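The figures here come from the full heavy-atom set of this structure, side chains too, leaving out hydrogens, waters and symmetry mates. Keep in mind that this is a model prediction, so the values were computed, not measured. Numbers for residues simply follow the sequence, beginning at 1.
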Amino acid sequence: QVQLVESGGGSVQAGGSLRLSCAASGRAFSSYAMGWFRQPPGKERESVAATTWNGGKTDYADSVKGRFTISRDNAKNTVYLQMNSLKPEDTAVYYCAADARAYSYLLPRSQYEYDYWGQGTQVTVSS
């Protein structure tokens, strides 16, 4: 059982930055791979970034490489998504998700590999 709560979304101008946070309940957080997804208005949910249980491996969508960074602080039960050089096409509801396969060396590759989801936080980037 994991509960995830995203925060840090908002409205920014193109070129600006935001840092999203995802606070997790329970002590099992530190054993789970975590990911960030986003869903633009009228479009399907898409993967943004993922990291293994200890942050040793990361993966990013091509569209955000070099601009976004996923990180985690297991002592605080929190995963972050630092978003720099934001573009209007980054506008979406952003979700964090947890893969409950404890201490897995595998990096989740799709939304179907995640077991728990947050409610989402809105990010709006204007021109």
Side-chain angles (χ1 to χ4, degrees):
Q1 184 180 10
V2 175
Q3 291 181 308
L4 306 173
V5 180
E6 302 95 337
S7 63
S11 298
V12 298
Q13 290 287 113
S17 297
L18 287 172
R19 188 179 75 161
L20 306 183
S21 298
C22 176
S25 66
R27 297 179 181 179
F29 168 83
S30 61
S31 70
Y32 294 167
M34 298 292 296
W36 286 96
F37 288 76
R38 67 186 182 187
Q39 187 166 18
K43 298 181 179 179
E44 297 297 315
R45 185 178 295 177
E46 62 185 14
S47 177
V48 175
T51 185
T52 48
W53 66 274
N54 63 349
K57 297 179 182 179
T58 58
D59 192 28
Y60 299 91
D62 288 342
S63 59
V64 307
K65 286 182 178 178
R67 300 189 298 121
F68 290 11
T69 303
I70 187 171
S71 62
R72 66 193 299 160
D73 186 341
N74 285 349
K76 296 182 178 180
N77 274 17
T78 302
V79 63
Y80 305 96
L81 185 68
Q82 179 66 46
M83 305 185 295
N84 298 326
S85 301
L86 284 162
K87 305 175 181 179
E89 50 263 45
D90 295 318
T91 295
V93 177
Y94 283 71
Y95 301 89
C96 66
D99 177 353
R101 293 174 292 184
Y103 301 110
S104 176
Y105 71 93
L106 298 174
L107 199 61
R109 300 297 184 183
S110 79
Q111 61 182 312
Y112 305 108
E113 299 183 60
Y114 291 89
D115 301 282
Y116 304 101
W117 294 82
Q119 199 165 359
T121 185
Q122 175 70 231
V123 171
T124 302
V125 185
S126 62
S127 301

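- Within 6.0 Å of the CD atom in Glu46, the count of heavy atoms belonging to other residues, nucleotides or ligands exceeds 12.
- Nearest heavy-atom pair across Thr58 and Ile70 is CG2-CG2, 3.9 Å.
- Leu18 and Tyr60 fall within a single hydrophobic cluster, where Ile, Leu, Val, Met, Phe, Trp and Tyr side chains are chained together by heavy-atom contacts under 4.5 Å.
- A cation-pi arrangement is present between Arg72 and Phe29 under the rule of less than 6.0 angstrom and at most 45 degrees off the ring axis.
- We find the CZ-CG distance between Arg101 and Leu106 to be 5.5 Å, quoted to the nearest 0.5 Å.
- Ala49 and Leu81 make their closest contact through CB-CD1, 4.2 Å (heavy atoms, listed as atom of the first residue, atom of the second, distance).
- Taking CD of Gln82 as the reference point, atom CZ of Arg67 lies at 12.0 Å (rounded to 0.5 Å).
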Could you give me the CA-CA distance, side-chain angles and deciding distance for Leu20 and Trp36, then say whether side chain to side chain contact (heavy atoms under 4.5 Å, CB included) is met?
-> CA-CA 10 Å; Leu20 306 183; Trp36 286 96; 3.7 Å; yes
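- By the rule that hydrophobic residues join a cluster once side-chain heavy atoms approach within less than 4.5 Å of another member, Val12 and Phe68 end up as members of one cluster.
- Between the NZ atom in Lys43 and the OG1 atom in Thr91 there is a gap of 10.0 Å [rounded to 0.5 Å].
- Close placement of the Phe37 and Tyr114 rings is indicated, their centers lying within 6.0 Å of each other.
- Smallest separation of non-hydrogen atoms from Ala23 and Thr78: CA-OG1, 4.3 Å.
- Counting non-hydrogen atoms of neighbouring residues, nucleotides and ligands closer than 6.0 angstrom, the CD atom of Glu44 reaches no more than 12 such neighbours.
- A heavy-atom distance below 4.5 Å is found between the side chains of Arg45 and Gln111.
- Atoms OG and CG, on Ser11 and Leu86 in that order, are 11.0 Å from each other to the nearest 0.5 Å.
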Please lay out, stage by stage, how Tyr105 and Trp53 fare under the test ring-ring contact (aromatic ring centres under 6.0 Å, His included).
-> CA-CA 8 Å; Tyr105 71 93; Trp53 66 274; over 10 Å; no
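- Side-chain contact check for Thr52 versus Tyr103: every heavy-atom pair is 4.5 Å or farther apart.
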Checking side-chain hydrogen bond (donor to acceptor under 3.5 Å, both in side chains) for the pair Asn84/Ser17: CA distance, chi angles, key distance, verdict?
-> CA-CA 4 Å; Asn84 298 326; Ser17 297; 2.9 Å; yes
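- Heavy-atom minimum distance, Leu4 versus Ala24: CD2-CB, 3.6 Å.
- Using a 4.5 Å cut-off on side-chain heavy atoms (C-beta onward), Val93 and Thr121 make no contact.
- Salt bridge Lys87/Asp90: absent, no basic N to carboxylate O contact under 4.0 Å.
- A pairwise comparison of heavy atoms in Pro40 and Ala92 identifies N-CB, 3.5 Å as the closest pair.
- Of the options Arg38, Glu6, Gln39, Gln122, a side chain to side chain donor-acceptor pair (under 3.5 Å) to Tyr94 is made by Arg38 and by none of the others.
- Side-chain atoms of Thr51 come within 3.5 Å of backbone atoms of Lys57 as a donor-acceptor pair (strictly under, hydrogens ignored).
- Considering every non-hydrogen atom in both Ala14 and Pro88, the closest pair reads CB-CD, 4.1 Å.
- Placement of Met34 and Met83 within a single hydrophobic cluster is found when ILVMFWY residues are connected by side-chain heavy-atom separations under 4.5 Å, directly or transitively.
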Show your working on side chain to side chain contact (heavy atoms under 4.5 Å, CB included) between Asp115 and Val2 and close with a plain yes or no.
-> CA-CA 9 Å; Asp115 301 282; Val2 175; over 6 Å; no
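- Side chain of Ser21 to backbone of Ser7: no donor-acceptor contact under 3.5 angstrom is found.
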